[in-house]
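Structure first, then comments.
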Amino acid sequence: GTECWLHGARDARCNGTNHRQGGYAIDLRHSTALDNYIRSAGTVICSPRGRPLYQIGSAVYWDEDSAHWHVNFNYGSCSGF
């Protein structure tokens, strides 16, 4: 899901984020199947804040916290994390 889409586009928490409709970042809830796929199909390109950043195709997946993966379709490197 997209954080701002869930909170509503007028929510002040949406300012400064690309977690919105038409943006380039989404969050995906952890699940065993998704976690296993990302870890097996992805290539670790760095570990911002001690958490691996996986690249699959043109998307990067970061285990942002215990609840979800942050997925970014605009970065192909570790910059911005």
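Here the structure is a predicted model, which means the values were calculated and not measured.
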Determine the minimum heavy-atom distance between [X] and [Y], stating which atoms define it.
| X | Y | value |
| --- | --- | --- |
| Pro48 | Leu53 | CD-CB, 3.9 Å |
| Ile56 | Ile38 | CD1-CA, 3.9 Å |
| Pro52 | Ser47 | CA-OG, 3.6 Å |

Mind checking the CG-NE2 spacing from Leu34 to His68? Nearest 0.5 Å is all I need.
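It is 12.0 Å, given to the nearest 0.5 Å.
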CG-CH2 distance between Asp27 and Trp62, expressed to the nearest 0.5 angstrom
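CH2 of Trp62 is found 10.5 Å from CG of Asp27.
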Under the side-chain contact (heavy atoms from CB on, under 4.5 Å) rule, collect the residues that match up with Arg39, sequence neighbours excluded.
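Applying side-chain contact (heavy atoms from CB on, under 4.5 Å) to Arg39 gives Asp35, Tyr54, Asp63, Trp69.
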By the ring-ring contact (aromatic ring centres under 6.0 Å, His included) test, which pairs, at least two apart or in different chains, include something from residues 32-51?
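Qualifying pairs: none.
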